[in-house]
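Contents: one structure, followed by commentary.
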Amino acid sequence: MPELPEVEVVRRGLAEHAAGRAVTAVDVFHDRAVRRHVPGAVDFAGRIVGTTLTAARRRGKYLWLDLSSGEAVLAHLGMSGQLLVQPPGTPDEKHLRVRFTFADGGPELRFVDQRTFGGLSVEETTEVDGATLPLPVAHIARDPMDPRFDPDAAVAALRRKRTEVKRALLDQTLVSGIGNIYADEALWRAKLHWARPTDKLSRAKAAELLGAATDVMDAALRVGGTSFDALYVNVNGQSGYFDRSLNAYGQEGEPCPRCGRPIRREPFMNRSSFSCPRCQPHPAGFSL
DNA sequence: CGAATACCCTGGCGGC
DNA sequence: TGCCGCCAGGGTATTC
């Protein structure tokens with residue numbers, strides 16, 4: 001699933017292959033892909049055609065292309081969204097939702113999304129704490145790769161919560177970019193069980209956890225960055241090659257790389273959480 | 001008001 | 001072999 005490192009790979013691809021190009025046509029093949037664009041698909045296309053894509057930007061898992069009109073095309077990949085750069089004439093992907101065609105006659109930009117949790121919209125931008133953001137992103141916190149990310153403020157925000165630590169890690173208004181995969185990897189590195197109460201974490205432990213999340217996403221970006229080529233803006237919305245480096249996520253029954261005990265899987269928020277029973281013991285009073 | 005839950009989707013895959 | 005049901009899960013609206 002695309003989390004921060006995967007979305008950053010896509011952003012870099014767009015910066016290289018889409019920025020600076022003038023759009024001559026936008027075709028929407030599935031209305032659900034633009035459902036967040038309230039005025040509808042025709043308005044969506046009309047606001048983009050005739051403009052030039054001027055830059056590719058990102059905050060957390062949100063991605064957007066600045067338009068020469070002053071608006072921005074906002075994208076969220078959801079679970080299965082891809083942005084692909086494809087030569088004209090390439091057969092349509094089975095789940096092709098939106099196609100951008102350019103004045104230079106070069107490669108098309110295609111939004112492909114099997115499960116349609118992702119989508120595109122054209123948005124106005126606003127200033128928030130010195131950053132220019134599309135309106136729906138205004139409430140999203142800076143992510144750990146943001147040059148102006150404030151680790152101390154993030155630690156304080158995390159510890160102010162009255163909830164389980166993994167819920168807080170996934171809360172995009174505290175720190176953005178972390179999803180289920182990197183949350184489990186960060187918790188494993190910090191030797192914390194996902195149900196530990198946030199407000200009982202020491203400042204140092206919370207800082208260690210956020211540092212671990214930052215490190216694991218940095219490592220994933222370095223690996224994911226090697227696996228896209230000129231045609232594909234991203235890596236199929238998957239984790240790139242980083243899945244080979246996962247210590248906990250998806251590793252149920254596999255030995256913990258640190259202590260050898262089999263990794264367990266527990267239900268969490270209608271999905272799964274993976275942890276080591278020895279390195280990440282249940283908090284006091286925990287029961288499933 | 002903050003926290004927790006429901007819901008939106010589709011296809012791959014395990015099991016029978 | 002075919003089909004049923006489970007599972008993946010981020011963000012937002014709704015409920016508690």
Side-chain angles (χ1 to χ4, degrees), chain A residues 1-8 10-11 28-38 58-64 74-83 92-98 111-121 123 133-141 143 156-187 194-201 213 217 220 234-240 242-243 246 248-253 264-274 286-288:
Chain A
M1 318 311 147
E3 300 181 26
L4 188 155
E6 293 73 35
V7 179
E8 174 60 15
V10 175
R11 190 201 65 77
V28 176
F29 302 108
H30 196 306
D31 282 343
R32 187 173 154 78
V34 295
R35 68 192 179 285
R36 304 232 177 264
H37 190 88
V38 177
R58 182 189 59 73
R59 172 170 284 197
K61 304 170 202 171
Y62 281 93
L63 182 67
W64 65 95
L74 179 64
H76 197 292
L77 302 178
M79 294 168 56
S80 54
Q82 299 170 260
L83 283 164
D92 289 357
E93 292 76 7
K94 182 174 180 186
H95 303 293
L96 176 63
R97 307 305 190 197
V98 181
F111 179 67
V112 177
D113 190 10
Q114 176 204 113
R115 296 179 203 175
T116 67
F117 269 55
L120 308 179
S121 58
E123 304 288 348
L133 304 173
L135 287 175
V137 187
H139 68 292
I140 301 294
D143 60 69
L158 204 76
R159 296 177 73 231
R160 263 199 304 275
K161 283 290 179 182
R162 296 291 179 269
T163 188
E164 296 162 341
V165 63
K166 185 168 172 181
R167 287 180 186 273
L169 270 187
L170 296 174
D171 185 338
Q172 305 296 301
T173 68
L174 303 179
V175 177
S176 67
I178 303 171
N180 202 38
I181 297 172
Y182 297 113
D184 276 3
E185 291 301 304
L187 289 164
W194 53 265
R196 287 280 291 275
T198 324
D199 56 330
K200 295 216 175 67
L201 287 185
M217 291 194 293
N234 76 349
V235 214
N236 300 321
Q238 309 286 326
S239 309
F242 194 70
D243 58 336
L246 294 174
Y249 182 83
Q251 306 301 306
E252 183 180 19
R264 69 181 162 209
R265 177 163 69 112
E266 294 169 330
F268 167 81
M269 291 173 75
N270 289 323
R271 51 201 63 144
S272 294
S273 211
F274 299 88
F286 176 85
S287 64
L288 279 178

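Every chain is numbered from 1, with letters handed out A, B, ... down the list of sequences.
Atom CZ of A:F117 is separated from atom P of C:dG11 by 12 Å (rounded to the nearest Å). Atom-to-atom, CZ of A:F111 to C1' of B:dC9 comes out at 13 Å; the value is rounded to the nearest Å. Distance, A:M269 CE to B:dC7 C1': 13 Å, rounded to whole Å. Distance CD (A:E93) to P (B:dG11): 15 Å, rounded to an integer number of Å. Between the OH atom of A:Y182 and the P atom of C:dA8 there is a distance of 17 Å, given to the nearest Å. Rounded to whole Å, atom P of B:dG11 lies 14 Å from atom CD of A:Q82. In this structure, NE2 of A:H76 is placed 7 Å from C1' of C:dG11, rounded to the nearest angstrom. Whole-Å rounding puts the A:D113 CG to B:dC8 C1' distance at 12 Å.
Toward the 5′ end of DNA chain B lies the nearest nucleotide of A:D171, the other residue of the pair A:D171 and A:N270 mapping further downstream. In terms of position on DNA chain B, the residue among A:T116 and A:E164 whose nearest nucleotide sits closer to the 5' end is A:E164.
One finds no side-chain N or O of A:S272 lying less than 4.0 angstrom from the OP1 or OP2 phosphate oxygen of C:dC7. Neither OP1 nor OP2 of B:dG2 sits under 4.0 Å from any side-chain N or O of A:K161. Phosphate proximity of B:dT10 to A:H95: absent, as no side-chain N or O sits under 4.0 Å from OP1 or OP2. Dashed line: the shortest gap from a side-chain N or O of A:Q172 to OP1 or OP2 of C:dG10 is not under 4.0 Å.
Distances from the side chain of A:E3 to the nucleotides C:dG10, B:dG11, C:dG11 place C:dG10 closest. Set against B:dC9, B:dT10, B:dA3, the side chain of A:R162 has B:dA3 as its closest nucleotide. Listed nucleotides B:dG11, B:dC9, C:dT12 differ in distance to A:R32; the shortest reach to its side chain belongs to B:dC9. Closest contact between the side chain of A:T163 and the listed nucleotides B:dA4, C:dG11, B:dC9 involves B:dA4.
Remark: the backbone N or O of A:R264 is not paired with any side-chain donor or acceptor of A:Q251 at under 3.5 angstrom. Judged purely by atom type and a 3.5 angstrom limit, A:D143 has no side-chain atom pairing as donor or acceptor with the backbone of A:G177.
Within 4.0 Å (heavy atoms only), A:Y62 reaches sugar-phosphate atoms of the nucleic acid but no base atom. Across all strands shown, A:R265 has heavy atoms under 4.0 Å from sugar-phosphate atoms exclusively, and none from any base. Nucleic acid contact class of A:H30 (heavy atoms, under 4.0 Å, all strands): none.
Note that CZ of A:F111 is 13.0 Å distant from CZ of A:F29, once rounded to the nearest 0.5 Å. Taking CZ from A:R59 and CD1 from A:I140, the interatomic distance works out to 8.5 Å, rounded to the nearest 0.5 Å. Here A:L187 contributes atom CG and A:L169 contributes atom CG; the two are 5.5 Å apart, rounded to the nearest 0.5 Å.
Looking at A:R271, its side chain comes within 3.5 Å of the base of C:dG10 through a donor and an acceptor atom. Judged by atom type and distance alone, A:R167 does not reach the base of B:dA4 through any side-chain donor-acceptor pair under 3.5 Å.
You'll find the side chain of A:N180 reaches within 4.5 Å of the side chain of A:K166, heavy atoms only.
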